[in-house]
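Encoded as structure tokens, the structure appears first; notes follow it.
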Amino acid sequence: MNIYRTLLYISIVICCFCVNVILFAAVVQVPSDQPTIQEGIEVVNDGDMVLVADGIYSGEGNINIDFKGKQITVKSQNGPEETIINCLGTPDTRGFIFQNKETNDTVLEGFTIKNSIHDEGGGIYFNHSSPTIKNCNIIENKGRIGIYGYNSDARIIDCKISNNGPGTGVAFYGETISMEGLILRDTISKPSLISCVISENTGSGIFCFDAVVVEIKDCKVYKNSGSGIYCNFFTSARVNYCEIFQNNGGGIKCTEYASVIITDSIIKQNTAKNGGGIYCSPTSNIRVMGCIIAENIATESGGGIGVITTRGSAEIDYCTIVRNTANKRGGGVHAFIQEPFFTLSNSILWENQTNGTHPEFSGIGDIKIRSCDIQGGIDGIGQEPNVWSVVDEDNIDEDPLFINADRGDYRLRRNSPAIKMGATAPRENQGEEGEDFIEDSLSVSSVGKQILRWADLKRN
């Protein structure tokens, strides 16, 4: 009994200690307690908060704000519309700086950051630091990048990154070393963008480079002058539940040994030279599952999807690829495959167009097409003897009966002959996937048997 009593006393002491830590965490208010945000940061300790009142903050102490490695929260009282960091167009200015190994326990929340001028991270800059950024607007900053992260596991949540440039909205860079001609990962950067809006930047919306492993989830990426999402040079990415539309450099671009999984997303009305919706380069790998790829344009080939691969691969499963346009060939899909393979399964290709040849699908190489609804059927693809190696199984050529294609609603009617195909079909055997597809990447969570119901796909 004494042992139990002793354990009880110890538990009570620990609980009291934890409560005291919470009760005595300091809250420093700006400007009532400290005149500037930087001075507020200087006087607090780990676990404390700097609470910033409504207002427009400029000048020394309110720009180039450095968290100094502290695990603290800097938060506005009433959100980004009421609390603005205005850099006033001063050269070499940023909003906030994280460069002292800050972790996800360091939080910045509820600010608008604008009018900075800096080539790297005019709004926010991370270098070997991984803060959490919540409910911030990074807008109208001048320079190459609105948010810049180098070797960072930063979490960016519920933020708006818009009208920055000339350059990219958000850029994540990793770190590699070269040894005897081999590229090795020294450290793995694993940043994430969750529930963000990335729009109208004068470069790409999101750019990932050099061994970054990035999660992009529940984001809207639109009207950027470059690609919506551009993954390059050994980048690994998971794009999930996103809307990617009206970008002028294509929806998603994947080059130089990048590997990207795209699931349960809408990719529409983007424009590029090749691969208006999605482009995969000769050395890259893509897996696309449960996506609507619609109304994209390629000025050359692959209106919906363009794949040109000599060492990569592409797997397209349960997708609706509809009303895309290419000038030369492959309005829906263009695939030039040397090795290893291209597979298209459980998908719908319908009403795609081209001014050249093969409106639905154009391709050369080891191509497998299974259980798809293709307008014109396999014969309409125009395969060439001794050039294609096609596995053709259980495909149909029947009107899929979209609910209202003219209004962009590509869900299927209950009596559709393609009810088990396309993005809104129930999907089976979707357990943990992707570990072998993306080496040292994010584990891929189950998408289960969810039926997507994208009810509003009207043109914006």
Side-chain angles (χ1 to χ4, degrees), residues 24-143 145-150 152 154-164 170 196:
F24 289 100
V27 177
V28 172
Q29 299 195 38
V30 174
S32 58
D33 295 332
Q34 295 292 330
T36 69
I37 299 171
Q38 187 66 65
E39 288 174 285
I41 291 172
E42 299 287 349
V43 299
V44 298
N45 300 308
D46 289 352
D48 293 343
M49 175 183 288
V50 177
L51 188 62
V52 182
D54 297 353
I56 298 174
Y57 293 82
S58 301
E60 185 176 355
N62 291 317
I63 60 173
N64 294 323
I65 301 164
D66 193 333
F67 271 61
K68 301 293 182 70
K70 295 183 177 183
Q71 314 307 314
I72 60 174
T73 296
V74 175
K75 181 179 180 180
S76 69
Q77 285 185 334
N78 294 301
E81 287 75 21
E82 305 299 330
T83 316
I84 300 169
I85 306 298
N86 191 341
C87 296
L88 298 175
T90 305
D92 296 322
T93 57
R94 294 182 170 117
F96 290 89
I97 299 169
F98 301 87
Q99 58 186 358
N100 293 285
K101 299 183 179 180
E102 290 88 355
T103 71
N104 288 164
D105 292 331
T106 299
V107 179
L108 174 68
E109 181 175 357
F111 291 86
T112 291
I113 305 160
K114 63 189 296 185
N115 294 327
S116 70
I117 298 180
H118 206 290
D119 282 346
E120 294 181 347
I124 301 175
Y125 174 80
F126 318 130
N127 189 333
H128 288 81
S129 294
S130 304
T132 298
I133 311 299
K134 299 171 64 177
N135 190 28
C136 287
N137 296 336
I138 295 86
I139 60 174
E140 300 172 11
N141 297 287
K142 306 300 180 185
I145 303 167
I147 296 179
Y148 175 92
Y150 178 72
S152 172
R155 301 173 69 240
I156 303 174
I157 304 168
D158 291 321
C159 290
K160 178 181 179 181
I161 303 105
S162 298
N163 292 290
N164 299 287
V170 183
C196 293

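- Side chain of Lys70 to main chain of Ile41: a donor-acceptor pair is present (N/O by atom type, distance under 3.5 Å, no hydrogens or angles).
- For Ser58 (side chain) and Asn86 (main-chain N/O), a donor-acceptor pair under 3.5 Å exists by modelled atom type.
- Here the side chain of Thr112 pairs a donor or acceptor atom with the backbone of Pro80 at under 3.5 angstrom.
- Exactly one residue among Lys101, Gln99, Glu102 makes a side-chain hydrogen bond (donor to acceptor under 3.5 Å, both in side chains) with Ser129. That residue is Glu102.
- Contact check for Asp119 versus Ile145: no side-chain heavy atoms found under the 4.5 Å cut-off.
- Separation of atoms OG1 (Thr93) and CD1 (Ile65) is listed at 11.0 Å; rounding is to 0.5 Å.
- Annotation: the span from Glu42 atom CD to Gln34 atom CD amounts to 9.5 Å, rounded to 0.5 Å.
- Residues passing the side-chain contact (heavy atoms from CB on, under 4.5 Å) test with Ser130, sequence neighbours excluded: Asn104, Ser152, Asp153.
- A donor-acceptor pair under 3.5 Å is formed between the side chain of Asp48 and the backbone N or O of Ala26.
- In this structure, Ile72 and Asn45 approach most closely via the heavy-atom pair CG2-O, 3.2 Å.
- Side-chain contact check for Val170 versus Tyr148: every heavy-atom pair is 4.5 Å or farther apart.
- Taking the side chain as every heavy atom from C-beta outward, Ile161 and Cys159 approach each other to under 4.5 Å.
- You'll find the side chain of Phe126 stays beyond 4.5 Å of the side chain of Ile97, heavy atoms only.
- At least one donor-acceptor pair under 3.5 Å links the side chain of Ser116 to the backbone N or O of Gly122.
- Other residues, nucleotides and ligands place no more than 12 heavy atoms under 6.0 Å from the CD1 atom of Ile56.
- Of all the heavy atoms in Tyr125 and Glu120, the pair that sits closest is CD1-O, 3.7 Å.
- Minimum heavy-atom separation, Lys68 to Asp66: N-OD1, 2.9 Å.
- Tyr57 approaches Asp54 most closely through the heavy-atom pair OH-O, 3.9 Å.
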Exercise. Could you check Leu108 against Cys136 for side chain to side chain contact (heavy atoms under 4.5 Å, CB included), going step by step and ending with a plain yes or no?
Key: CA-CA 8 Å; Leu108 174 68; Cys136 287; 4.2 Å; yes
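- For Phe111 and Phe96, the ring centers are positioned less than 6.0 Å apart.
- Atom-to-atom distance recorded for Asn163:CG and Asn137:CG is 11.0 Å, nearest 0.5 angstrom.
- A 4.5 Å side-chain heavy-atom check between Thr36 and Val30 finds every atom pair outside the cut-off.
- One finds the CD1 atom of Ile84 at 13.0 Å from the CG atom of Asn62 (value rounded to the nearest 0.5 Å).
- In this structure, CD1 in Ile147 is found 7.5 Å from CD1 in Ile113, a value given to the nearest 0.5 Å.
- Asn164 and Ile139 get closest at one heavy-atom pair: OD1-C, 3.6 Å.
- Gln71 pairs with exactly one of Asp105, Asp46, Thr103 by the side-chain hydrogen bond (donor to acceptor under 3.5 Å, both in side chains) rule, that one being Thr103.
- A donor-acceptor contact closer than 3.5 angstrom is absent between the side chains of Asn135 and Asp158.
- Judged purely by atom type and a 3.5 angstrom limit, Thr90 uses its side chain to pair as donor or acceptor with the backbone of Cys87.
- When each of Val107, Val44, Val50, Thr106 is checked for a side-chain contact (heavy atoms from CB on, under 4.5 Å) with Val74, only Val50 meets the rule.
- Using a 4.5 Å heavy-atom threshold, the side chains of Ile133 and Phe98 count as touching.
- The two residues Gln77 and Leu51 make their nearest non-hydrogen contact at CG-CG, 3.7 Å.
- Residue His118 holds its NE2 atom at 5.0 Å from CG of Asp92, rounded to the nearest 0.5 Å.
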